[in-house]
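To keep things clear, I will list the structure first and then write my remarks on it.
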Amino acid sequence: MTQAQQTVNLPSSVFTGLTEVSEIAATGNVLGVINYTTECTDPRVENGQLRLDLHMAATDSEAFAEVWTTARPVETGEHHGAVYAHDGEYLLVAGRIAPTGRYTEDTRAAYVAALDLMDTLGYKNCFRMWNFINDINADNTEGLEIYRDFCKGRAEAFELFHFGDKEVPSATGIGSQGGGIAFYFLASRSAALTSVENSKQMAAYHYPRQYGPRPPKFARATYLAATHTDRRSGQLYVAGTASIRGHETLHDGDIVKQVELSLDNIEHLISDENLADYEITQGNSLLNLDNIKVYVRHRSDIPAVRKMCEERFSPNARVQYLNVDVCRADLLVEIEGIVA
Ligand SMILES: C=C(O[C@@H]1C=C(C(=O)O)C=C[C@H]1O)C(=O)O
């Protein structure tokens, strides 16, 4: 099959009630099940499937599962505390850092184990990372905000693996309702990746030191396609996006304006105007965003946030609203998604 005809069976995920996971699992091979639920547990292999429970819901009624499926048979395993599942083309790896007074070293060690696993198994193209950080805005035992503590350890791990700034994947770094720091990553063996920045935001890895000793290392989006010549039909994994222009938070205290700017930021990020710098042409708008998570700091804001989002998202989009802290104390909302 020529490169031009090569198709990459991209992973897809669905959100489902915790009880429906078995039904989804019956439809194909499961790369992994991420439970956004009422407690955090260490990643595990259960019935041959990778499972990670994240404490992201206050009640069972708010809980849901994100199920990653693939057309290929899946193998699972464990590597220095990280649990993984792979199908020959895609790898899902999950880990958890236990609560501690200082996260830099444990974050670095956990990321080193996961990045080493990717190298060892041959899935060097990491295209999305999710990090769930309990007490994200609280100070660690040395007075450093826990998010900044995490960012330091992550930056050190990327440095050890010689990740250039333009090689870091899109990511989410968000609060949780318990459990230290849990994370999961997606990587590919052969897909072509393009790191995408937002021309209206400073690249996070260039943030000034006022935001911490080491900047957050992530791309605003990662474009994933079968080959580098495919600039039209790839997927865009959109990082958690908030009310930030340049490097500054805008609309402190104003949830409505923060939602508007977060949505405007994503709309611009995935637009042909912004993607022209990468020779990607897809004609995207917010109506093409799916697998959406909307993180809201104050539970009482969720109804208004939902109404604003529903006015701009496709009625067919899969959307979950979660009540957790955001990476900066002055941010009230954050939104992520995938353009498939
Ligand atoms: C919202 C922002 O950052 C958040 C933190 C991230 C991280 O540290 O990995 C990634 C995206 C967002 O979840 C931002 O800086 O714009």
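When a ligand or atom number is given, it counts from 1 through the structure's own listing order.
- Of the options Arg214, Arg154, Lys152, Arg108, a salt bridge (Lys or Arg N to Asp or Glu O under 4.0 Å) to Glu159 is made by Arg214 and by none of the others.
- Counting heavy atoms from C-beta outward, Phe158 and Glu156 have side chains that stay 4.5 Å or more apart.
- Looking from atom 1 (C) of ligand 1 to the surrounding protein, the closest heavy atom is Glu334 OE1, 3.4 Å.
- Taking 4.0 Å as the cut-off, Cys327 counts as a neighbour of ligand 1 on heavy-atom distance.
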Stepwise, does the ring-ring contact (aromatic ring centres under 6.0 Å, His included) test hold for His79 with Tyr84?
CA-CA 8 Å; His79 176 81; Tyr84 64 88; 7.3 Å; no

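- A cation-pi geometry, defined here as NZ or CZ lying under 6.0 Å from the six-membered ring centre and within 45° of its normal, does not hold between Arg128 and Phe185.
- Residue nearest to atom 7 (C) of ligand 1, selected from Met202, Arg154, Met129, Arg220: Arg154 (by heavy-atom distance).
- Counting only heavy atoms of the protein, atom 6 (C) of ligand 1 lies nearest to Gly173 N, 3.2 Å.
- Those atoms of ligand 1 that come under 4.0 Å of a heavy atom in Ala242, given as number and element, are 1 (C).
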(Q) Phe150 vs Tyr103, test: ring-ring contact (aromatic ring centres under 6.0 Å, His included). Steps then yes/no. (A) CA-CA 6 Å; Phe150 160 78; Tyr103 279 101; 8.5 Å; no

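- Other residues, nucleotides and ligands place no more than 12 heavy atoms under 6.0 Å from the CD atom of Glu279.
- Per-residue contacts place Tyr147 under 4.0 angstrom from the following atoms of ligand 1 (heavy atoms of the residue considered): 5 (C), 6 (C), 7 (C), 8 (O).
- Residue contact annotation: Ile174 has no non-hydrogen atom under 4.0 Å from ligand 1.
- In this structure, atom 14 (C) of ligand 1 lies nearest to the protein heavy atom Tyr207 OH, 3.4 Å.
- A cation-pi contact links Arg328 to Tyr207, judged by a cut-off of 6.0 Å to the six-membered ring centre and 45° from its axis.
- For ligand 1, the atoms closer than 4.0 angstrom to any heavy atom of Ala171 are 9 (O), 10 (C), 11 (C).
- Atoms of ligand 1 lying under 4.0 Å from at least one heavy atom of Pro216, given by number and element, are 8 (O).
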